[in-house]
Amino acid sequence: MVYHNIIKVGKMNISKTTLDILSNFSGINQSIKFSGDTIKTIAGDISLHSVQAVATAKIPENFENQVAIYDIGSFLSLLRIYGDQNVSAEFGKNSVVLSSNDRSTTFKYCNPDIIQDVPDIKINDEDVLINFELDQKVMNEIKKVSSALNFEGFYLKSAKGKLEIRLYDVKSISSTPEHIIKLPVAVDKDFDIYFEMKNLYILSGNYNVVVTENMLAFESKDIDLKYFIVTSNEPV
């Protein structure tokens with residue numbers, strides 16, 4: 001969802017960038033809590049050792065109160081109902097009140113304790129296999145080819161000292177197309193890492209990518225936004 005309106009919050013505006021980040025993060029986890037100028041979210045459960053992704057963003061705004069929303073999708077849908085009206089929002093201690101002309105909606109926060117805290121992620125230099133730049137054009141190509149050919153994932157692979165992105169159906173490689181994107185990136189380590197398309201949560205844009213055996217880290221070159229996404233087991 002692309003937002004065109006900027007929401008007035010007291011003397012502060014909620015930027016389109018922040019609205020787009022919240023919309024993107026809602027696809028990672030429906031629940032979110034944040035305060036200050038940082039928004040974080042997580043896919044999976046830390047206690048069950050089943051984390052698939054962590055995302056974090058610095059935003060232009062600074063929220064004085066902690067905001068805890070159980071279903072961010074519902075909140076964003078509410079904003080779409082208000083559309084391009086001159087909307088103001090008051091983020092209080094227990095709820096956010098949206099108002100425009102003679103209409104208002106009170107959206108109550110949930111108990112923040114039911115939303116798990118998001119850990120900080122650090123990648124050790126010795127674990128890095130490669131880092132490279134991935135522009136929006138290549139990312140769009142990956143998504144479009146995968147959609148057109150019903151591919152569930154892709155591979156990052158070292159091939160003759162270069163980096164390749166390979167898309168094919170690993171379950172029936174002998175009978176399905178294979179799409180290869182060769183990137184002008186030198187590689188000095190051998191690897192062949194599978195990544196599921198359903199975990200490609202990232203917002204459109206240009207990224208610096210760091211690859212380890214267990215994780216892909218995407219750092220936006222356009223805004224202060226990072227994703228840490230766990231690599232997948234090869235399908236059988």
Verdict with reasoning, Glu61 to Ser15, per side chain to side chain donor-acceptor pair (under 3.5 Å): CA-CA 8 Å; Glu61 302 80 17; Ser15 64; 3.1 Å; yes

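- Screening Ile115, Ile32, Asp71 against Cys110 for a side chain to side chain contact (heavy atoms under 4.5 Å, CB included) leaves a single residue, Ile115.
- Lys33 pairs with exactly one of Asp117, Asp113, Thr41 by the side-chain hydrogen bond (donor to acceptor under 3.5 Å, both in side chains) rule, that one being Asp117.
- At least one side-chain heavy atom of Phe218 sits under 4.5 Å from a side-chain heavy atom of Met139.
- Under the 4.5 Å side-chain contact rule for hydrophobic residues, Val128 and Val230 do not share a cluster.
- Using a 4.5 Å cut-off on side-chain heavy atoms (C-beta onward), Ile42 and Pro119 make contact.
- Using a 4.5 Å heavy-atom cutoff, the side chains of Phe107 and Val67 are not in contact.
- Side-chain contact check for Phe191 versus Leu163: some heavy-atom pair is nearer than 4.5 Å.
- Atom NZ of Lys226 sits in a sparse spot, with 12 or fewer heavy atoms from other residues, nucleotides or ligands closer than 6.0 Å.
- The number of heavy atoms from other shown groups lying within 6.0 Å of CG (Asn111) is above 12.
- Residues Ile180 and Ile193 do not share a hydrophobic cluster, clusters being chains of Ile/Leu/Val/Met/Phe/Trp/Tyr side chains in contact below 4.5 Å.
- The closest side-chain heavy-atom distance from Ile21 to Thr17 is below 4.5 Å.
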Stepwise salt bridge (Lys or Arg N to Asp or Glu O under 4.0 Å) check, Arg166 with Glu178: CA-CA 7 Å; Arg166 295 193 175 194; Glu178 179 179 14; 3.7 Å; yes

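- Ring-plane geometry between Phe63 and Phe34 is classed as perpendicular, the angle between the planes exceeding 60 degrees on a 0 to 90 degree scale with a lower cut at 30.
- Taking 4.5 Å as the limit, some side-chain heavy atom of Arg103 sits within range of a side-chain heavy atom of Tyr82.
- Put simply, Val97 and Leu22 are part of two different groups of oily side chains (I, L, V, M, F, W, Y) that touch within less than 4.5 Å, one to the next.
- How far OG of Ser74 is from CG of Leu79: 11.0 Å, rounded to the nearest 0.5 Å.
- Environment of NZ in Lys160: sparse, with no more than 12 heavy atoms of neighbouring residues, nucleotides or ligands closer than 6.0 Å.
- Side chains of Val51 and Asp45 form no contact here, defined as non-hydrogen atoms less than 4.5 Å apart.
- The 12-atom threshold is exceeded at CD of Gln66, counting heavy atoms of other residues, nucleotides or ligands nearer than 6.0 Å.
- Phe132 and Ile229 fall within a single hydrophobic cluster, where Ile, Leu, Val, Met, Phe, Trp and Tyr are joined by side-chain heavy atoms under 4.5 Å apart, directly or via other members.
- Tyr70 and Ile39 are not part of a single hydrophobic cluster, where members link through side-chain heavy atoms under 4.5 Å apart.
- Using a 4.5 Å heavy-atom threshold, the side chains of Leu216 and Tyr207 count as separate.
- Using cut-offs of 30° and 60° on the angle between ring planes, the pair Tyr194 and Tyr155 is tilted.
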